[in-house]
Amino acid sequence: MSEITILALGRAGRRPEAALAQAYLNRLPVPARIKELEEKRPFQGLELIKREGEKLLAALPDNAFLVVLDERGKQMTSPQLAGNLTRWQEMGRPLVFAIGGADGHGEAVLKRADTTLSLSNMTWPHMLVRVMLAEQLYRATSITMGHPYHRDLIQ
């Protein structure tokens, strides 16, 4: 199984969300980390999206399988994510999830994506998205391993 990296724009610092996201990642049976990226120059609008995208693409490992979180991405159930996560990891490529900035991803990132994923139709703060994604990765792994963390109440 390949290492999981979450590329996230913005700095979490010592916020509680950072600790909670890391706590879920620490439970995974594979190495997992959040790599924070930041554009410090005062760009705005499309130029900011472009610059953030350049930083994100530059941080990708060679041959990475890129899952871009995007509001227009595919929504799936936790069991569906578990199946996809298993397939993605079996490819033997570095697995990277990308969380964009406040204005989303630019065209270059969306074109590079191997797939897109939406966690919800609702809009969430970017720091909470880290937690939600980390929890869902842990849940997906628990499903695959038959761990009771995920309780499928619909039978």
Side-chain ion pair, Glu3 and Arg33, N-O less than 4.0 Å:
yes

Indicate if Met145 and Tyr138 have the same hydrophobic cluster label, given that clusters are the connected sets of ILVMFWY residues with side-chain heavy-atom separations under 4.5 angstrom.
no

Atom of Val109, atom of Gly53 and distance for their closest heavy-atom approach
CG2-CA, 3.6 Å

Tell me whether Leu46 at atom CG has more than 12 heavy atoms from other residues, nucleotides or ligands lying less than 6.0 Å away.
no

Once you round to the nearest 0.5 Å, how far does CZ of Arg139 lie from NE2 of His147?
11.5 Å

Just how far is it from atom CG of Leu117 to atom CG of Leu69, taken to the nearest 0.5 Å?
5.0 Å

Heavy-atom closest pair (Pro61 atom, Val96 atom, distance to 0.1 Å) is CD-CG2, 3.7 Å

Is there a donor-acceptor contact under 3.5 Å linking the side chains of Glu71 and Thr123?
no

Side-chain heavy atoms nearer than 4.5 Å, only ILVMFWY residues, links allowed to pass through others: does that put Tyr149 and Met76 together?
yes

Test side-chain contact (heavy atoms from CB on, under 4.5 Å) on Arg112 and Leu57; report intermediate values, then the result.
CA-CA 8 Å; Arg112 169 57 183 84; Leu57 293 173; 3.6 Å; yes

Give, for atom CG of Leu66 and atom CG of Asn63, the distance between the pair rounded to the nearest 0.5 Å.
12.0 Å

Check whether Met91 and Ile4 end up in the same hydrophobic cluster, where Ile, Leu, Val, Met, Phe, Trp and Tyr are linked by side-chain heavy atoms less than 4.5 Å apart.
yes

Going from CE on Met127 to CG on Leu20, what distance comes out if it is rounded to the nearest 0.5 angstrom?
13.5 Å

Evaluate the side-chain contact (heavy atoms from CB on, under 4.5 Å) criterion for residues Leu60 and Leu7: first the C-alpha distance (whole Å), next the side-chain angles of each, then the deciding distance (0.1 Å), finally the verdict.
CA-CA 8 Å; Leu60 282 177; Leu7 293 179; 3.9 Å; yes

For the student: nearest non-hydrogen atoms of Thr141 and Pro29, plus distance
CG2-CD, 3.3 Å

Nearest heavy-atom approach of Leu133 to Leu119 is N-CD1, 4.0 Å

Are any of the side-chain nitrogens in Glu36 or Arg130 under 4.0 Å away from the carboxylate oxygens of its partner?
yes

With a 3.5 Å cut-off and no angle check, do the side chains of Asp103 and Gln44 form a donor-acceptor pair?
no

Checking His126 side chain against Gly101 main chain: does a donor-acceptor pair fall under 3.5 Å?
yes

ILVMFWY cluster, Leu37 and Leu48 together (side-chain gap under 4.5 Å):
no

Derivation of the side-chain hydrogen bond (donor to acceptor under 3.5 Å, both in side chains) call for Ser120 and Gln75:
CA-CA 7 Å; Ser120 172; Gln75 289 192 7; 5.5 Å; no

Spatial distance of atom CD1 (Ile99) from atom CG (Leu9) [nearest 0.5 Å]:
9.0 Å

Please determine which of Lys55, Arg51, Arg11 meets the salt bridge (Lys or Arg N to Asp or Glu O under 4.0 Å) test together with Glu38.
Arg11

Quick one: pull up CG in Leu95 and CD in Gln89 and give me the separation to the nearest 0.5 Å.
6.0 Å

Does a side-chain heavy-atom distance below 4.5 Å link Val68 with Phe97?
no

Minimum heavy-atom distance Ser118-Gly73, with the two atoms named:
CB-O, 3.5 Å

Thr115: which residues meet the side chain to side chain contact (heavy atoms under 4.5 Å, CB included) condition with it, sequence neighbours left out?
Phe65, Val67, Lys74, Trp88

Taking only residues two or more places apart in sequence or in another chain, which ones pass ring pair (Phe, Tyr, Trp, His ring centres under 6.0 Å) with Phe43?
none

Please check: side-chain N/O of His105 versus main-chain N/O of Leu110, any donor-acceptor pairing under 3.5 Å?
no

Minimal heavy-atom distance between Leu85 and Ala140, with the atoms involved, is CD2-CB, 3.9 Å

Between the main-chain N or O of Arg87 and the side-chain N or O of Glu90, is there a donor-acceptor pair closer than 3.5 Å?
no

Electrostatic pair Lys50-Glu52, nearest N-O below 4.0 angstrom:
no

Summary of side-chain hydrogen bond (donor to acceptor under 3.5 Å, both in side chains) pairs that have at least one residue in residues 17-29, sequence neighbours excluded
Arg15-Glu17, Gln22-Asn26

